[in-house]
Protein chains: 2
Amino acid sequence: MERPLDRNSYVPLYAQIQQKLRQMIDRGEIAPGAPVPSERELAERYGVSRMTARQALRALRQDGLVYRERGIGTFVARRKVDVHTRNLVGFSEDMRQRGLAPSSKLIALRRERATQQVAAELGIAAGEEVFHLERLRLADGTPMAYETNYIPASLCPDLETYDLERDSLYRILEEEHGIRMQSADEVLEAARAPRREARYLSIRAGSPVLVVHRVVYGDNGRAIESVRTIYRADRYRATFHLTKNTL
Amino acid sequence: MERPLDRNSYVPLYAQIQQKLRQMIDRGEIAPGAPVPSERELAERYGVSRMTARQALRALRQDGLVYRERGIGTFVARRKVDVHTRNLVGFSEDMRQRGLAPSSKLIALRRERATQQVAAELGIAAGEEVFHLERLRLADGTPMAYETNYIPASLCPDLETYDLERDSLYRILEEEHGIRMQSADEVLEAARAPRREARYLSIRAGSPVLVVHRVVYGDNGRAIESVRTIYRADRYRATFHLTKNTL
DNA sequence: TAGTGGTCTAGACCACTAT
DNA sequence: TAGTGGTCTAGACCACTAG
């Protein structure tokens with residue numbers, strides 16, 4: 001028999017089902033290509049309506065863990081690329097998902113007035129106060145990326161009190177300030193490493209680098225931060241899982 | 001009064017509502033930051049249940065067009081980056097969305113036996129027949145990318161009969177062969193342009209390029225194609241819209 | 001208090017696939 | 001024919017936010 005769901009939990013039922021299925025897939029209990037229980041079977045097994053079971057499967061498909069075939073069933077996807085779905089995680093979590101230990105070296109942290117460009121990116125007025133943060137990002141102790149963040153000072157006035165060499169900015173914003181990230185726009189491009197950043201990254205100036213510019217939005221639709229991350233091209237690849245829209 | 005939905009159409013009701021809202025947003029009839037009709041209002045206005053209206057709004061959020069705040073409402077997102085959501089489109093459609101005219105120069109198209117690596121990417125046996133396609137991709141007549149595709153020959157045995165300089169591979173697969181793309185894994189990295197591709201792209205060998213490797217999966221979970229696209233770094237940026245998972 | 005989005009129910013019909 | 005996923009209904013309760 002199946003362990004029942006916790007109906008008093010704050011975790012929605014569909015999320016609990018999703019989590020159970022995700023575990024079974026991760027542990028290999030359901031092999032790639034093998035069918036996942038159908039919506040109706042999940043509904044019966046866990047004592048929920050079919051719409052609830054369906055919601056769990058939809059989220060798994062969104063993450064690329066399963067694919068669905070109408071009239072046939074839902075199956076565990078055969079992953080080719082090792083996709084760390086990049087569901088809006090920061091550098092620390094990204095590295096952990098890749099099995100690497102993240103760390104940082106603080107280069108700069110100061111309050112300053114937003115330039116026209118930064119203000120436009122963050123949707124605030126030019127001249128408003130922002131935190132300007134620069135960190136060298138390491139994975140297993142070796143330089144991986146150079147990251148520059150701009151965060152509206154009003155969102156997190158006490159940012160200077162945290163240890164940004166060890167702590168995760170996203171963790172601080174999310175857990176300490178209740179700022180929930182909802183979505184982000186990312187632009188990726190290839191470039192030559194600028195002299196200054198190249199020195200920190202221990203590469204030659206002009207070497208190819210992957211530049212990722214990201215603006216993160218909160219659940220109120222307002223920008224939380226603007227980040228530019230310069231990755232060593234020889235150490236980093238960005239991975240994505242794309243799905244056809246209209247669920 | 002509102003134009004009613006077409007209940008006999010093959011287009012689902014939620015997709016029709018989604019389309020109407022998308023138009024209103026695109027035309028600027030609902031300004032960024034302004035509220036979209038609530039789920040209950042859409043339900044009443046179009047004579048559908050709330051769950052159906054909800055499905056329309058969910059898809060719009062997934063695309064980053066709106067954001068939702070519980071207890072308050074749904075609002076048109078204030079886009080900072082011009083995101084062409086890259087919902088699994090090919091080069092042709094990508095360029096069109098950027099307002100550029102795509103064209104191609106066919107470099108090679110031949111049947112060959114899949115190497116170990118290509119076979120692994122496509123999930124077929126090494127030695128099985130694949131089409132090997134190479135094209136120089138142009139936007140408004142200037143070189144933008146060099147693209148190499150591998151497609152299992154069994155999927156589209158008559159590929160050679162199409163004009164791959166003018167036609168879209170995705171269109172051929174989708175419309176002529178009923179192969180529906182469902183998802184894809186993408187890996188992006190920065191690199192130096194190899195000599196051969198650099199010549200086609202009219203750049204110096206060693207210049208930075210953005211290399212995008214993509215494996216596309218159909219709705220049966222099987223790989224449809226493996227593509228490697230080398231973009232000129234000075235002409236192309238890849239844009240993405242990321243969302244927090246669990247809808 | 002009224003309105004919102006988030007979750008959930010217990011059904012229903014459909015097109016599709018495999019047997 | 002039986003089972004699947006896709007769509008849809010007409011309700012419900014909840015936590016949340018605003019006035």
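Proteins get letters first, then strands, A, B, ... in listed order; numbering begins at 1 in each.
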Open item on the list: Let's see if you can work this out: which of dG5(D), dT4(C), dG6(C) has an atom nearest to the side-chain heavy atoms of Arg54(A)?
Closed with: dG5(D)
Open item on the list: Filter on ring pair (Phe, Tyr, Trp, His ring centres under 6.0 Å), then keep only pairs touching residues 18-39 of chain B, sequence neighbours left out; what's left?
Closed with: none
- [ ] Would you mind reading off the distance between Leu5(A) atom CG and dT7(C) atom C1', rounded to a whole angstrom?
- [x] 14 Å
Task: Under 4.0 angstrom between Arg68(A) side-chain N/O and dC16(C) OP1 or OP2 - done: no
Open item on the list: Quick check on dG3(D): is either OP1 or OP2 less than 4.0 Å from any side-chain nitrogen or oxygen of Ser38(A)?
Closed with: no
Task: Rounded interatomic separation in angstrom, taking CZ from Arg58(A) and P from dC8(C) - done: 12 Å
Task: Residues which pass side chain to side chain contact (heavy atoms under 4.5 Å, CB included) with Asp158(A), listed by chain and number, not counting sequence neighbours - done: Cys156(A), Thr161(A), Tyr162(A), His177(A)
TODO: Rounded off to whole Å, could you give me the CG-to-P distance for the Asn8(B) and dC8(D) pair?
DONE: 13 Å
Task: Heavy-atom check, side chain of Tyr14(A) versus side chain of Met51(A), under 4.5 Å - done: no
Open item on the list: I'd like to check the salt bridge (charged side-chain N to carboxylate O under 4.0 Å, His left out) partners of Arg68(B); sequence neighbours left out, ordered by chain and number.
Closed with: Glu39(B)
Open item on the list: Are the side chains of Arg98(B) and Thr239(B) in contact, using a 4.5 Å heavy-atom criterion?
Closed with: yes
TODO: Decide if atom CD of Gln116(B) counts as having more than 12 heavy atoms of other residues, nucleotides or ligands within a radius under 6.0 Å.
DONE: no
TODO: Could you check how far CG of Leu57(A) sits from P of dG5(D), rounded to whole Å?
DONE: 7 Å
Interface polar pairs with nucleotides 10-19 of chain D, N/O, under 3.5 angstrom:
| residue | atom | partner | partner atom | Å |
| --- | --- | --- | --- | --- |
| dA12(D) | N6 | Arg50(B) | NH1 | 3.0 |

Task: Pairwise 5' ranking along DNA chain D for Gly73(A) and Ala53(B), keeping only the more 5' one - done: Gly73(A)
- [ ] Look at all strands and tell whether Leu13(A) reaches a base, only sugar-phosphate, or nothing, counting heavy atoms closer than 4.0 Å.
- [x] sugar-phosphate
Task: Atom-pair distance (CD on Glu44(B); C1' on dT4(C)), nearest Å - done: 15 Å
Open item on the list: Whole angstroms only, please: what is the OH-P distance between Tyr67(A) and dT4(D)?
Closed with: 16 Å
Task: Any donor-acceptor N or O pair under 3.5 Å, side chains Tyr170(A), Glu225(A) - done: yes
Open item on the list: Under 4.0 Å from OP1 or OP2 of dT4(C): is there any side-chain N or O of Thr74(B) that close?
Closed with: no
Open item on the list: Can you see whether His213(A) engages Ser226(A) through a side-chain donor-acceptor pair at a distance of less than 3.5 angstrom?
Closed with: yes
Task: Pairing residues for Gln182(B) by the side chain to side chain contact (heavy atoms under 4.5 Å, CB included) criterion, not counting sequence neighbours - done: Arg61(A), Tyr67(A), Asp219(B)
- [ ] Among His241(B), Gln18(B), Arg58(B), Arg22(B), find the one that has a side chain to side chain donor-acceptor pair (under 3.5 Å) with Asp63(B).
- [x] Arg22(B)
Task: Given dT9(D), dG6(C), dT7(D), the nucleotide with the shortest approach to the side chain of Thr52(B) - done: dT9(D)
Task: side-chain N/O Tyr14(A) vs dT7(C) OP1/OP2, d < 4.0 Å - done: yes
Task: Base-pairing string, 5' to 3', of DNA chain D - Watson-Crick or wobble, under 3.5 Å, | interstrand - done: ||||||||||||||||||.
- [ ] Using atom CD of Glu41(A) as one end and atom C1' of dT4(D) as the other, report the distance to the nearest whole Å.
- [x] 12 Å
Task: Nearest-Å distance for atom pair CZ/P, residues Arg61(A) and dT4(D) - done: 17 Å
